[in-house]
Amino acid sequence: MSLLDPLFHSLLAQADARRMRRVLRPLSTQAPAGHVLRDGTPLVDFSSNDYLGLARDPAIARQAARCALRHGAGARASRLVTGTLDLHAEAEAAIAAFKGTEAALLLASGWQANAAALPALIGAVQGPALVYTDRLIHASLHAGCAQAGVRQIRYRHNDLDHLEHLLAERAQEPGQRFIVTESVFSMDGDQADVPALAALAERHGAFLYLDEAHATGVLGPQGRGLAAQAGGRVDLVMGTFSKAAGGFGAYIAGSRALCDYLVNTCSGFIYSTALPPAVVGAVHAAVTRLPGMDAERAHLHALATRLRAGLADIGIDTGLSSTQIVPAIVGDAGRALALADALAQAGMLVGAIRPPTVPAGTSRLRIALSSLHTAGQVDALVTRIRDSRGPCAGAGT
Ligand SMILES: *Cc1c(COP(=O)(O)O)cnc(C)c1O
């Protein structure tokens, strides 16, 4: 028993009472493609970020295994000590080529990349930093801003007029501007206008930081992400290998000077052990594979279009989703949970997302599609949502 257990128990009981307590529910992936097993029952997996089905791809898993057998289970040290292996350098060169940048750096995870790179960047600036952030940025970006000790200047979600207004308001203030956003938003599945952001950043001398966690492998030419739309005018692109790439680890891509600077200053890079050979093997294999997956991407986007149309037909709001992430916004947290339970009973696993992950009153099912899904599975999902949404059906929430 820990000293603070009574406090933990009471806080957990309060969360329980508000139906906000989160618990871990183990699953098994020993199931057919696109499915998971929960308590021995196969469920169609509409809740993972394995958008292209690479997480269980045999060739990628084999490459991971080969690297582990050949190079060992661990990298033995942090990158700056003796942890940088040929494998890391080769994977980083492949990532830079994939993203069309001079250089790239591997980091332990996307969370760590954001939490550690932002303070390093902001620390580079002599004098004040004005950090403009989209209101819906990921928790890891908030962690980075907090670590940097800056007060974010938050603009309305994807509202570039508002951003421009806020930039203009402080045009006379000294300091380096930063704009921090995602290219695809994880809970809404909508996209930022990256070329317009790049143009705005250029006009205001702002450094543009773009998190491509959900776009990498899925959007842009050959899955290279939305930064590709802005032709090299994004200063720093970050992304993860834990979503469409099917593995683990993250990257930062940009100029050689940027990456060299981060090697020298980014705490989460310097003081963390290098990614292990198996993980780097999977990363490299995925980066090699992604450009050739246009057919899978086309199928994925067609499924998303079909799902949005199906949900619209039954009066369910999908917000501004235009990607493989489709929220079915139902408003009330209890209702989202009840709907997720009903879907699980029908053999479909869909995550219910509640505050504080999303704003109050916008609880939702977050439907994450994969190229492993079929049109029939998407249709069955819509039918089940229609039949299960309960007494408030059609209330237009
Ligand atoms: C998932 C996610 C991350 C974190 O990436 P991990 O590699 O899973 O730690 C960062 N940013 C966004 C927008 C994400 O959705």
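Start at 1 and go down the list; that is how both ligands and their atoms are numbered. Everything numeric here is computed off the predicted structure, so don't read it as measured data.
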### Task
Determine whether more than 12 heavy atoms belonging to other residues, nucleotides or ligands lie under 6.0 Å from atom CD of Glu169.
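Counting other residues, nucleotides and ligands, CD of Glu169 exceeds 12 neighbours.
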
### Residue Gln222 excluded, over 12 heavy atoms near CD under 6.0 Å
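Yes, because the 6.0 Å sphere around CD of Gln222 holds more than 12 heavy atoms from other groups.
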
### Residue pair Ser267 / Pro119, side-chain heavy-atom distance below 4.5 Å
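Result no, sub-4.5 Å side-chain heavy-atom pair not found.
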
### Query
Are the side chains of Ser370 and Ser48 in touch, meaning some heavy atoms are under 4.5 Å apart?
no

### Query
According to the interplanar angle, ranging from 0 to 90°, do the rings of Phe178 and Phe207 count as parallel (below 30°), tilted (30 to 60°) or perpendicular (above 60°)?
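Rings of Phe178 and Phe207: tilted, as their planes differ by 30° to 60°.
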
### Task
Answer yes if the ring centres of Phe46 and His373 are under 6.0 angstrom apart, and no otherwise.
yes

#### Entry: Amino acids in close contact with ligand 1, where any non-hydrogen atom sits under 4.0 angstrom away
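Correct list: Ser109, Gly110, Trp111, Asn114, His138, Ser140, Glu182, Ser186, Asp211, Ala213, His214, Thr240, Ser242, Lys243.
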
